[in-house]
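A quick write-up on the structure given underneath.
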Amino acid sequence: MMSFKEYIFGLIAFLIVVLVPSVAQASVTHVNMGEADQIDVHKDWEVAFNEGVRIVESSITDANIVVKDNEGNNVDIPDPYVKEDGRVIVVPAPEEGYKGGHTYKLYVGKTIAFESGKEMEDRYMKTFQTEWEILDPPSPGDDIVSYGTVTSDTLNIRQYPGEEADSVGSFKEGDRVDIYGFDGYWAKILYNGEPAYVHKTYMKLRAMTGGVLQDQIIIIDPGHGDGDPGATANGGQEKEINLDVSKRIHERLKEMGANSIMTREDDSFLALSERVEFADENFYDMFVSIHTNALPGSSANGTETFCHGGKASNQEEGCLLAEKIHEQIVAKTKINDRGVKVSTPGTWNDFHVIRNTTTPSVLVELGFLTHSADAEKLLSDHYRDLYADAVAEGIKNYYLAEIK
Ligand SMILES: [Zn+2]
C-alpha cells in the first residue's frame, strides 16, 4: 500500500531553470556543470549553448543526451528537443518524475552538431540529487504527522506496538510509510485500512511540517567528563572541548527544529553503557558522540569520523552520516582530513557507543589536542563555532540524502 509508484506528482509546476548559461560552443574548453541538490522530481533541464549557435536537432540522439541513475542505468526520459531560439536543448523529466532523494547524472555528448559545422570540444556532465518526493498535504481528517523511508531489507508490520505482536505484513527497503503518531519506538500506520505499527529505528523519518530536522530525536554525546578528562595537552582538556562543542551543536540543532538531547550538560561522568541506555530511554533517532584525539610524542593531526562496521542495524546509514558530517568539518575548519573510518569489532576502534546504538551513529574526533596547530583550533571560540556549524550541517545533509 505504500509503494513509491502510488504517489502521484501530478500538480507540481515545471520549474524550468537554465542549467548553465552558455555551457558549450566550438573550441570552448571543458566547463564543469557542477552539482545541484534538492532538485524538483519533475525538473526539465535546459542545456544552453552560446549565443548565435544553432543546434542541428536531428543530431540529438539517445546516445548524446543521457540521464543515468546512481547504479549507472539509463533513465527513460521523453525525447529531448531544441527550443525555438535554436541554442537550448530541453531535457524533459521522466513522465512520472525522477525518484525522490536520488542522485542522477546528466550527460551531454560531444556529437551534437551545429549548423555552423563547429564541434563541441568536450562532453559535459552534471550531477544532481532530487528532493524527496512531495506528498500531497494531508487532507482534513487525515492525521499524518510524519513519513518514513524504510532503511532495512525488510520491516515487519505489527498488529500492536511491540516485538511480540503478530506480524501482519512487511515493507521492504525504500518503501514509503505514512505515520499517524509515535508510541516510543513504534510508529502508528494504516495497513490495509487497519491501524498497525512498525519500529521507527529502521526508517529514515521526515515530519510533515518544518525542515528535515524537525522533531528528529538526536542524541549529542560529549565524551568523557568529571574525573575522566580524556586527552590533556597544550593547555586543554578533552572533556571541556567535547562539552563546549556539543553545546554549540545542540543549540544549532534545536534552532533547526530537531529534538536534540545531550547525554551530559555539565562536567559530569557517564559510563559508556549509561550513554547508550540514556539514548534508548529517549527513543532516539540518531547518536553523535563528540571526542578529541591525542597521540603524545607524535605529529599526528587532523579530524576523523567513525561509523561502526559491526552493528546489527543501520550500519550503512551510520557511515553515510559519518561521510556527511566529516565532509563538512573538513570544508569548514580546513583541518587535516584523516577520512571516515569504519570501526572493526575487537580492535582499538570498536567504540562501545557506536557499536551498541541501533540508530545511525557516529563518533567524531574533532582534532588532535597533542598537535599544536590542531590544539589552537580546538581551543578557539571561532573554530568551535565552525565545528558546530559543520556537524549540524552534516546531520542535515544526511537527512536530505538518499537511502543507500
Ligand atoms: Zn575521547
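Both ligands and their constituent atoms are indexed starting at 1 by order of listing. Predicted model only: the values in this text are computed from it and were never measured. Computed over heavy atoms, backbone and side chain alike; hydrogens, waters and symmetry mates excluded.
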Residue pairs passing the ring-ring contact (aromatic ring centres under 6.0 Å, His included) test where at least one lies in residues 203-240, sequence neighbours excluded: H224-H291

Which residue pairs pass the side chain to side chain donor-acceptor pair (under 3.5 Å) test when at least one of the two sits in residues 262-272, sequence neighbours left out? D221-T263, K239-D267, D266-S268

Set out, in order, the CA-CA distance, both residues' side-chain angles and the distance that settles ring-ring contact (aromatic ring centres under 6.0 Å, His included) for Y160 and W186, then state yes or no. CA-CA 9 Å; Y160 304 103; W186 294 93; over 10 Å; no

Lys/Arg cation over aromatic Y98: K43, 6.0 Å, 45° cone: no

Enumerate, atom names and distances included, each donor-acceptor pair closer than 3.5 Å involving a side-chain atom of residues 207-217, sequence neighbours excluded.
residue: Q216; atom: OE1; partner: Y399; partner atom: OH; Å: 3.4
residue: Q216; atom: NE2; partner: L205; partner atom: O; Å: 2.7
residue: Q216; atom: NE2; partner: V212; partner atom: O; Å: 3.0

Identified side chain to side chain contact (heavy atoms under 4.5 Å, CB included) partner of V91 from the options I77, V108, D44: I77

Keeping waters out of it, list the protein N, O or S atoms under 2.8 Å from the Zn ion (ligand 1). H224 NE2, E238 OE2, H291 ND1

